[in-house]
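To start, the structure itself, in structure tokens.
Just so you know, residue 1 is the first one in the sequence shown, and it goes up from there. Atoms within each ligand, like the ligands themselves, are counted from 1 in listed order. Every value quoted in this text rests on a predicted model; they were computed, and no experiment measured them. The figures that follow rest on heavy atoms only: side chains count, while hydrogens, waters and symmetry mates do not.
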Amino acid sequence: MAQPLLISPVTLRDVTLRNRIVISPLCQYSAADGMANDWHFAHLARFALGGAGAVFVEATAVHRDGRITHGDMGLWSDAHIAPLRRIGDFVRSQGAAPAIQLAHAGRKASMQRPWHGNGPLDDSDRARGEDVWRIVAPSALAMDLGWLTPAELSPAEMAELREHFRCAALRAADAGFAVLEVHGAHGYLLHSFLSPLSNRRSDAYGGDRAGRMRFPLEIAETVRAAWPKDRPMFFRVSSVDGIDGGWTLDDTVALARELRARDVDVVDCSSGGIAGSATAARILRHPGFQVPFAERIKREAGIKTMAVGLILDPEQAEAILQNGQADLVAIGRQALYDPNWPLHAERALLGDAADFEHWPVQAGWWLKRRERGLRALQAEPARKQS
Ligand SMILES: Cc1cc2nc3c(=O)[nH]c(=O)nc-3n(C[C@H](O)[C@H](O)[C@H](O)COP(=O)(O)O)c2cc1C
């Protein structure tokens, strides 16, 4: 039997992933002042132990003001490097590639943690010492009624933001990450430049598609120049806004061509988020609902893609790769449900041949023997009967 693609290694620049399963960035809203702590270590370590090819650290703010909530991770100072390096080192020691997503929340900054209401910060947050801060965006347009109105970014502030992304990329390299992703999706800063619903600028950074793409592409160029040449760079897009008059899949194909021209290696194909707190478009969400985006972007822009969104079963993930719809699959909530999803996927696809050899030896050694014992037990009554 041919080795399933899902569990076959893949090489991107000088980085080889042991399989094509990537743990999607998952905000934990559990940092203080942007610092990674033991929660983040345990959260990410279990995915490395669970057999993933790459494990993404959540959206990590390039500047304090670019956090979504007070609990977001950050990389805006050198002090943030050491705890991230500790996580990355452990992830690597377990055979997975440590990856990190750099982000700025733009007009979706300064909001509540999901479990505090998922809305604008209010008196209950202020009572906790978590007040609002000044937020910025391409245009002074609030995300929705009742949300903070952002300040329109000046060219000088945009130059500062490029510098924040550059410094954060250098720090991510210093921390030892193997893969870096720029967050260009979900209504955050870069996506809000792309979408005509949120970008009403009349200067060179607004107007037609080329104008709206200018700042996100400058960030991609800046980060690529700072990020080591031998390490791959991903860019996450909201493939569609899913709202009339918004960003479309045709637009994403055009963006992906420009990203390829700037040496971006993989487009991570999500959707939605331009209005409201969602991280997927308001379209019917069935298993694999965003896979057709990854497929078309891959085919028409000639760039590698990562599929994400309700990828639940190993067979489904394997089919996405076999059909050439994407080069990598990312799992998010299914990894929260089962941090050992990659190891279980290997078993589902290979059956007994998987033999626990990719499990951490501390578990695999026992499980292999337990299984032998159980098999012998099953054979026993059959022997007695004969
Ligand atoms: C708890 C949680 C946190 C998330 N944080 C991020 C994030 O930091 N960056 C990002 O791009 N997407 C984030 N997402 C979106 C996921 O990466 C993923 O795209 C989405 O959950 C769909 O995949 P799934 O169906 O496998 O969960 C988050 C989703 C969840 C559920």
Below the 3.5 angstrom mark, is there an N/O of [X], backbone or side chain, next to an N/O of ligand 1?
X: Ala59; result: yes
X: Cys27; result: yes
X: Pro25; result: yes
X: His183; result: yes
X: Arg333; result: yes

Can you list the ligand 1 atoms lying under 4.0 Å from a non-hydrogen atom of [X]?
X: Ile331; result: 26 (O)
X: His186; result: 10 (C), 11 (O), 12 (N)
X: Gln101; result: 7 (C), 8 (O), 9 (N), 10 (C), 11 (O)
X: Ser24; result: 16 (C), 17 (O), 18 (C), 19 (O)

On the 0 to 90° scale, with breaks at 30° and 60°, tag the [X]-[Y] ring pair as parallel, tilted or perpendicular.
X: Phe193; Y: Phe215; result: tilted
X: His43; Y: Trp39; result: parallel
X: Phe41; Y: Phe90; result: tilted

Next on the checklist: With a cutoff of 4.0 Å, is Ile311 in contact with ligand 1, counting heavy atoms of the residue only?
Outcome noted: no
Checklist entry - Gly309 near ligand 1, heavy-atom distance under 4.0 Å? => result yes
Item to check | Transitive ILVMFWY cluster of Leu367, excluding itself - 4.5 Å side-chain cut-off | outcome: Leu343, Phe356, Trp359
Checklist entry - Which residues satisfy the ring pair (Phe, Tyr, Trp, His ring centres under 6.0 Å) test with Phe165, sequence neighbours excluded? => result none
Next on the checklist: I'd like to know if Asp327 and Lys298 make a salt bridge, using a cut-off of under 4.0 Å between side-chain N and carboxylate O.
Outcome noted: yes
Item to check | For atom 15 (C) of ligand 1, the option (of Glu58, Arg236, Met306) bearing the nearest heavy atom | outcome: Arg236
Next on the checklist: A side-chain contact here means heavy atoms from C-beta on lying under 4.5 Å apart; do Lys304 and Asp265 qualify?
Outcome noted: no
Checklist entry - Does the ring pair (Phe, Tyr, Trp, His ring centres under 6.0 Å) test come out yes or no for His104 and Trp76, once each step is laid out? => result CA-CA 11 Å; His104 189 294; Trp76 63 81; over 10 Å; no
Checklist entry - Asp203 side chain to Tyr205 main-chain N or O, any donor-acceptor pair under 3.5 Å? => result yes
Checklist entry - What do we get for Leu26 next to ligand 1 when only non-hydrogen atoms under 4.0 Å count, side chain, backbone, both or neither? => result both
